[in-house]
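Data first, discussion second: the structure below is written as structure tokens.
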Amino acid sequence: MEQRPRPVVVAVNALLCVVSLCVAAAGAENVTAVTTYDAKNYGATGNGVDDDTKGLMAAWKAACGTPGTVTLMIPPGTYYIGATQFHGPCKASAITFLLQGTLMAATDLKRFGNDWIEFGWVTDLTVAGQNGGIIDGQGAASWPFNKCPVRKDCRVLPTSVMFVNNENTVVRDITSVNSKFFHIALLHNNNMRMSNLRIHAPENSPNTDGIHIERNTGVIISDSHIGTGDDCISIGQGNQNIHIARVHCGPGHGMSVGSLGRYVGEGDVTGIHVTDMTFVGTMNGVRVKTWENSPTKSLAAHMLFENMVMKDVQNPIIIDQKYCPYYNCEHKYVSGVTLKDIKFKNIKGTSTLPVAVLLRCGVPCHGVVLQNVDLSYNGQGGTSSKCENANATYVGYQHPKPCDLI
């Protein structure tokens, strides 16, 4: 009978600690027993050559199946893996995926479906980096095959990390580089906290969104640095209570709500609060974008974008209800997405185009407010505003001048 690797049990006051601290804390009160699994005990080599997919999944299966508080440790090394699923439900009451090394994606697209690494159906999950914690999608080999920027019927390449149907998730201290498509996607999660993330891809890499959010409730993203070839953060359909703070964005396309209104049955987007972001050299700053010709109606409402700094941004403030990235676009019907209660407050910086504020609503927007906006054009002449069916209200200092005063 094959002898199975034995987990290591340590006593800690905090969730993660080094061995010396664990020993010192063993006699303290309120000690929590943590069972730690080492992926290398389950066949993973971390040599960057051998395929470690089965080893990592075997280690996860053992950790997930252990009651109590559990840590799956991925030690220093480079782990070459294909499509990998870390699924629950788990017997563990709380489980930490502790990445000390580098996860490196295979380059053969035949090995993937919609995503590369998937965390799903887990409660009280923490994904944390320590002394490294790098997720390398090796996307450069795949980007030439991405036709999505020019074709509607394109093949979607795999997202690097997908979180789906999780409850109470923490993601921190992780670096993601060169994804094939999106770096991180959140789908159908409840209560997620993400912090101290570093997400990078070249400015010309297609569809390498930093974090894409869809059909989630209660997401907090903070204190992170994102620079990619697409949106730093994109908030798609069906989201509620999304909070973003202290994120540096650039290069890339900026931060977007949308695109919305393209597909049948899209959910409403409500309760968006974005604060203290800095945009450097991006295509857009904060943008709300919806498609025309929407097959069904939906609502995007109760959004606050405040305390933003724009440094050489093409379009610092933009609402675009005629969004279409393709060469041939139909303009038969106005967007079916109703925009309501959207406030831009304390936005300052520089624009690389003369039109610094573009508010293009398909049907009249309701409750658009601009408060204390100061955006200068870094070329010759001043900045201007352009509006269509916006019905905006202006409070405090306004530069450029509001549309109705031009």
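We're numbering straight along the sequence, starting at 1. Keep in mind the model is a prediction, meaning the values are calculated, not measured.
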> Which pairs, with at least one residue in residues 179-193 and sequence neighbours excluded, count as a side-chain hydrogen bond (donor to acceptor under 3.5 Å, both in side chains)?
Replying inline: Asn166-Asn189, Glu167-Asn190, Asn168-Asn191, Ser176-His183, Ser179-His183, Asn189-Asn216
>> Please check: side-chain N/O of Asp52 versus main-chain N/O of Gly46, any donor-acceptor pairing under 3.5 Å?
In response: yes
>> Could you go through Asp312 and Thr350, starting from their C-alpha distance and side-chain angles, then the distance that decides it, and tell me whether this counts as side-chain hydrogen bond (donor to acceptor under 3.5 Å, both in side chains)?
In response: CA-CA 5 Å; Asp312 299 332; Thr350 56; 3.2 Å; yes
>> Using only atom types and a distance under 3.5 Å, with no angle test, would you say the side chain of Ser205 pairs donor to acceptor with the backbone of Pro202?
In response: yes
> Closest heavy-atom contact between Phe181 and Val156?
Replying inline: CE2-CG1, 3.5 Å
>> One thing to verify: whether Arg287 and Asp231 come together as a salt bridge, which I'm taking to mean a side-chain N less than 4.0 angstrom from a carboxylate O.
In response: yes
> Is it true that the side chains of Gln130 and Gln100 contain a donor and an acceptor less than 3.5 Å apart?
Replying inline: yes
> With no hydrogens and no angle check, do the side chains of Ser160 and Trp116 hold a donor and an acceptor under 3.5 Å apart?
Replying inline: no
> Thinking salt bridges, do Arg151 and Asp153 make one under a 4.0 Å N-O criterion?
Replying inline: yes
> How far apart are the closest heavy atoms of Cys148 and Arg155, and which atoms are they?
Replying inline: SG-O, 3.7 Å
> Yes or no on side-chain contact (heavy atoms from CB on, under 4.5 Å) for Val171 and Phe163, after CA distance, side-chain angles and deciding distance?
Replying inline: CA-CA 10 Å; Val171 183; Phe163 292 90; 3.6 Å; yes
> Are the side chain of Ser256 and the backbone of Gly258 linked by a donor-acceptor contact shorter than 3.5 Å?
Replying inline: no
>> With side-chain hydrogen bond (donor to acceptor under 3.5 Å, both in side chains) as the criterion, how do Thr228 and Asp230 come out once you've worked through the C-alpha distance, each side chain's angles and the decisive distance to 0.1 Å?
In response: CA-CA 6 Å; Thr228 71; Asp230 210 295; over 6 Å; no
>> Taking the six-membered ring for Trp, are His302 and His273 closer than 6.0 Å centroid to centroid?
In response: no
>> Do Thr270 and Gln240 pair up side chain to side chain, a donor and an acceptor below 3.5 Å, judged on atom types alone?
In response: no
> According to the side-chain hydrogen bond (donor to acceptor under 3.5 Å, both in side chains) rule, which pairs have a member within residues 134-149, sequence neighbours left out?
Replying inline: Asn146-Asn207
>> So that I can tick it off, tell me whether Glu388 and Lys322 are bridged by a salt bridge, with the cut-off set at under 4.0 angstrom between side-chain N and carboxylate O.
In response: yes
> Are Val357 and Leu359 side-chain neighbours, meaning at least one heavy-atom pair lies under 4.5 Å?
Replying inline: yes
>> When you measure from the side chain of Thr275 to the backbone of Asn307, do you find a donor-acceptor pair of N or O atoms at a distance under 3.5 Å?
In response: no
>> Please determine whether side-chain hydrogen bond (donor to acceptor under 3.5 Å, both in side chains) holds for the pair Arg215 and Gln237, giving the CA-CA distance in whole Å, both sets of side-chain angles, and the decisive distance to 0.1 Å.
In response: CA-CA 6 Å; Arg215 290 192 177 273; Gln237 54 98 8; 3.2 Å; yes
> Can you find a pair of side-chain heavy atoms, one from Val269 and one from Leu260, that are under 4.5 Å apart?
Replying inline: yes
>> Could you report the tightest heavy-atom contact between Ala39 and Leu72, atom names first, then the distance?
In response: N-CD1, 4.3 Å
> Hey, is Asp268 close enough to Lys340 for a salt bridge, meaning N to O under 4.0 Å?
Replying inline: no
> For Asn47, which residues count as a side chain to side chain contact (heavy atoms under 4.5 Å, CB included) partner, sequence neighbours excluded?
Replying inline: Thr45, Val49, Asp50
>> Pair Ile135, Val161 - check side-chain contact (heavy atoms from CB on, under 4.5 Å), show working.
In response: CA-CA 9 Å; Ile135 298 173; Val161 185; 3.8 Å; yes
> Sub-3.5 Å donor-acceptor pair from the side chain of Gln398 to the main-chain atoms of Leu370, do we have one?
Replying inline: yes
>> Please evaluate residues Tyr394 and Lys401 with respect to the criterion side-chain contact (heavy atoms from CB on, under 4.5 Å), reporting the C-alpha separation (whole Å), side-chain torsions for both, the decisive distance (0.1 Å), and the verdict.
In response: CA-CA 10 Å; Tyr394 299 90; Lys401 294 181 179 179; over 6 Å; no
>> Looking at every heavy atom in both Val355 and Asn315, which two are closest together, and how far apart are they?
In response: O-OD1, 4.4 Å
> Which one of Phe119, Trp60, Trp121 satisfies the ring pair (Phe, Tyr, Trp, His ring centres under 6.0 Å) criterion with His87?
Replying inline: Trp121
>> Applying side-chain contact (heavy atoms from CB on, under 4.5 Å) to Gln314 and Ser351, what does each step give before you reach the verdict?
In response: CA-CA 5 Å; Gln314 290 184 31; Ser351 170; over 6 Å; no
>> If we count only N and O atoms by modelled type, under 3.5 Å, do the side chains of Thr66 and Tyr37 hold a donor and an acceptor together?
In response: yes
> Looking only at atom types and distance, does a side-chain atom of Ser294 sit under 3.5 Å from a main-chain N or O of Gly261, one as donor and one as acceptor?
Replying inline: yes
> Between Thr383 and Ala356, is there a donor-acceptor pair closer than 3.5 Å when you use the side chain of the first and the backbone of the second?
Replying inline: no
>> Set out, in order, the CA-CA distance, both residues' side-chain angles and the distance that settles side-chain hydrogen bond (donor to acceptor under 3.5 Å, both in side chains) for Ser298 and Glu266, then state yes or no.
In response: CA-CA 7 Å; Ser298 60; Glu266 291 190 8; 4.9 Å; no
> At what distance, to the nearest 0.5 angstrom, does CG of Leu299 lie from NE2 of His366?
Replying inline: 10.0 Å
>> Let me confirm one number: the NE2-CG distance from His248 to Asp276, rounded to the nearest 0.5 Å.
In response: 13.5 Å
> So do Arg111 and Thr53 actually touch side chain to side chain, heavy atoms under 4.5 Å?
Replying inline: yes
> If you measure from the Lys or Arg side-chain nitrogens to the Asp or Glu carboxylate oxygens, is any gap between Arg172 and Asp223 under 4.0 Å?
Replying inline: no
> Quick one: CD1 on Ile317 to CE on Met308, what's the gap to the nearest 0.5 Å?
Replying inline: 9.5 Å
> Which pair of non-hydrogen atoms, one from Gly362 and one from Val334, has the smallest distance, and what is that distance?
Replying inline: O-CG1, 3.8 Å
> Any sub-3.5 Å donor-acceptor pair from Thr84's side-chain atoms to Gly82's backbone N or O?
Replying inline: yes
> What are the two closest heavy atoms between Ile347 and Phe305, and how far apart are they?
Replying inline: CD1-O, 3.8 Å
> If you round to the nearest 0.5 Å, how far is CG of Leu304 from NZ of Lys345?
Replying inline: 7.0 Å
> What is the distance from atom OG of Ser384 to atom CG of Leu353, rounded to the nearest 0.5 Å?
Replying inline: 10.0 Å
> If only atom types and distance count, is the side chain of Asn114 paired as donor or acceptor with the main-chain N or O of Pro158 below 3.5 Å?
Replying inline: no
> Which one of Val170, Ile244, Thr169, Ile184 satisfies the side chain to side chain contact (heavy atoms under 4.5 Å, CB included) criterion with Met194?
Replying inline: Ile184
> Do you know which of Asn372, Val309, Val373, Leu375 makes side chain to side chain contact (heavy atoms under 4.5 Å, CB included) with Lys348?
Replying inline: Val309
> Is there a donor-acceptor pair under 3.5 Å between the side chain of Ser224 and the backbone N or O of Ser222?
Replying inline: yes
>> Once you measure the plane-to-plane angle for Trp291 and Tyr323, does it fall in the parallel (<30°), tilted (30-60°) or perpendicular (>60°) bin?
In response: perpendicular
>> Distance check, rounded to the nearest 0.5 Å: Asp115 atom CG versus Glu118 atom CD?
In response: 4.5 Å
